[in-house]
J.: 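The following block contains the structure, expressed as C-alpha cells.
Atoms within each ligand, like the ligands themselves, are counted from 1 in listed order. Worth knowing before you read on, the calculation uses all heavy atoms, side chains too, and leaves out hydrogens, waters and symmetry mates.
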Amino acid sequence: MNYFAGLDIGSTAIKVALVDEGGRLAGVHVTESGSLFHKNAKEALRMLLERHGVDREQVKYLIATGYGRKLFKEADDSISEITANAIGAHEAGRAFGGVRTIINIGGQDSKAIQLDDQGNVANFAMNDKCAAGTGRFLDVAARNLNIDLEELGDYHFNGKGAPLTINSTCTVFAESETVSLLARGESPAKIIRGIHYAIANRISGMFARVGVEDEVLFTGGVAKNIGMRKALEEVLDSKILVSDFDPQLNGALVAAVIAKSRGGAET
Ligand code: ADP
C-alpha cells in the first residue's frame, strides 16, 4: 500500500497526517515543536509511521507546511500556511455552504484570510510580532492559573460574573496583571473570560482591514477552545464555524491530501 503525508511544522506544535492510496486518513500525530524543529518533525513522522506499521519507502510523496516547512529538506514539496488554510477552509467550508473568511490562531501567530468565490486568497493579514493575539497568551495564562489548556474553554462558562477587563496588551504585563487579579481574590473563571475577550478584541482590531463576513471559519489549535470561539463570536458579531475534524490538523491534512493528488498521479 502507498501512503502520502502532510507535515505541518508550526511554531508550537508539529502535526502529521497520513493518507493512504485510497484517500483514507490512515493516522495523525501531534507533538510539541520544541527548539529542534527538524529533529522533532522527523521523529513525529517516524512515530506515526511506526504506529501504523508503514515503512518510510511506502510514503510516496510528502508535503511540508507551516512556520518550519523550509527546514524539512526531505519533503517533496512545501506549501505556505496561508495556502494550506485557504484550501482547507474552502473544502471544510462546503459543509457550511461556503466560507469566505478564515481566522487561524496558532501558538505564536494569528492570520485572517479572505477568499474569493473560487477559494483563492483575495486578501490576508498576519500577526507574528505580538504574542497577545495568539495561543501563547493563553498558554501563559493557563500556566499562571494552574489550569490545563484543555480546560480553558469550560472555565469560560463557569460561574457567574462579567469578564474582568484585562488592560495589558503585552503578554508579559498581562501575566503580572493576572497574578494580581488572583491575589485580589478574583475567580479564575472571570479572569479567563477576560483573557478570551482581550484576545478577541485584539484579533478584531488587527484584522479589521481584511474584512470579516457574517460567517468565519476558525482554525488552528486555539479553535479547540470553546470559550475563545464564544468571545470571537460576540466581538466580531459573526457566526464562528469550526470543522468537526480537529481544527489544529487543518494544515497537515490539506498537505497530505495535496501530496496524494500529486504523488498519486506519479506513482
Ligand atoms: P502552530 O501551528 O503555530 O504551532 P497550532 O495551530 O498547533 O499552532 O496551535 C497551538 C496552540 O493551540 C497552543 O499554543 C494552544 O494555545 C492551543 N491549543 C492546543 N491544544 C489545545 C486544546 N486542547 N485546547 C485549547 N487550546 C489548545
J.: Count the heavy atoms belonging to other residues, nucleotides or ligands that lie under 6.0 Å from CZ of F72, then report whether that count exceeds 12.
T.: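 Buried by this count: over 12 neighbours within 6.0 Å.
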J.: Counting only N and O atoms by type, is there a donor-acceptor contact under 3.5 Å from the side chain of E21 to the main-chain atoms of N2?
T.: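 Checked: pair present.
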J.: At what distance is the nearest protein heavy atom to atom 25 (C) of ligand 1, and which residue and atom is it?
T.: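 Heavy-atom neighbour on the protein nearest atom 25 (C) of ligand 1: L149 O, 3.6 Å.
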J.: Strictly under 6.0 Å, is that where the ring centroids of Y61 and Y3 end up?
T.: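 Not under 6.0 Å, so no.
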J.: Say whether D8, considering both its backbone and side-chain N or O atoms, lies within less than 3.5 Å of an N or O atom on ligand 1.
T.: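 No, no N or O pair falls under 3.5 Å.
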J.: ring-ring contact (aromatic ring centres under 6.0 Å, His included) between H156 and Y197: does it pass, once the steps are laid out?
T.: CA-CA 10 Å; H156 186 95; Y197 286 103; 5.5 Å; yes
J.: Output the list of atoms in ligand 1 that are nearer than 4.0 Å to some heavy atom of G10, sorted by atom number.
T.: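 Checking each atom against G10, I get 1 (P), 2 (O), 4 (O).
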J.: Taking atom CZ as the centre, does R136 end up with more than 12 heavy-atom neighbours from other residues, nucleotides or ligands that are less than 6.0 angstrom away?
T.: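 12 or below, so no.
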J.: Select one of side chain, backbone, both or neither to describe which atoms of K15 lie under 4.0 Å from any atom of ligand 1, heavy atoms only.
T.: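 K15 to ligand 1: side-chain contact only, backbone stays beyond 4.0 Å.
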J.: Are the charged groups of K39 and E43 less than 4.0 angstrom apart, N to O?
T.: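 No salt bridge links K39 with E43.
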J.: Just need the protein heavy atom nearest to atom 26 (N) of ligand 1, so name the residue and atom and give the distance.
T.: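 Closest protein heavy atom to atom 26 (N) of ligand 1: G221 O, 3.7 Å.
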J.: Nearest protein heavy atom to atom 20 (N) of ligand 1, by residue and atom, and its distance?
T.: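 Ranked first by proximity to atom 20 (N) of ligand 1 is K224 CE, 3.6 Å.
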J.: Please check if the number of heavy atoms outside D244 that lie under 6.0 Å from its CG is greater than 12.
T.: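 Result for CG/D244: open.
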J.: Distance under 4.0 Å to a non-hydrogen atom of G220: what atoms of ligand 1 satisfy this?
T.: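 So the atoms of ligand 1 that pass are 6 (O).
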J.: Got a donor-acceptor contact below 3.5 angstrom from the E151 side chain to the D148 backbone?
T.: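 Flag set: sc E151 to bb D148 pair under 3.5 Å.
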J.: What do you reckon, is CD of E32 surrounded by more than 12 foreign heavy atoms closer than 6.0 Å?
T.: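 Not buried by this count: 12 neighbours or fewer within 6.0 Å.
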J.: Counting heavy atoms only, which of T65, D139, N225, I9 is nearest atom 15 (C) of ligand 1?
T.: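 The option holding the nearest heavy atom is D139.
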J.: List the closest protein heavy-atom neighbour of atom 10 (C) of ligand 1: residue, atom name, distance to the nearest 0.1 Å.
T.: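 Looking only at protein heavy atoms, the one closest to atom 10 (C) of ligand 1 is G107 N, 3.6 Å.
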J.: State the atoms of ligand 1, each with its element, that fall below the 4.0 Å cut-off from a heavy-atom position in G106.
T.: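 The list of qualifying atoms is 3 (O), 5 (P), 6 (O), 8 (O), 9 (O).
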J.: Can you check which of M228, Q108, E150, Q248 brings a heavy atom nearest to atom 23 (N) of ligand 1?
T.: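 That would be E150.
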J.: Mark the output for S11 as yes if a heavy-atom distance to ligand 1 is under 4.0 Å, and as no if none is.
T.: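 Distance cut 4.0 Å: S11 passes for ligand 1.
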J.: Can you sort out which atoms of ligand 1 are near A13, meaning under 4.0 Å from one of its heavy atoms?
T.: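 Atoms satisfying the 4.0 Å criterion: 4 (O), 7 (O).
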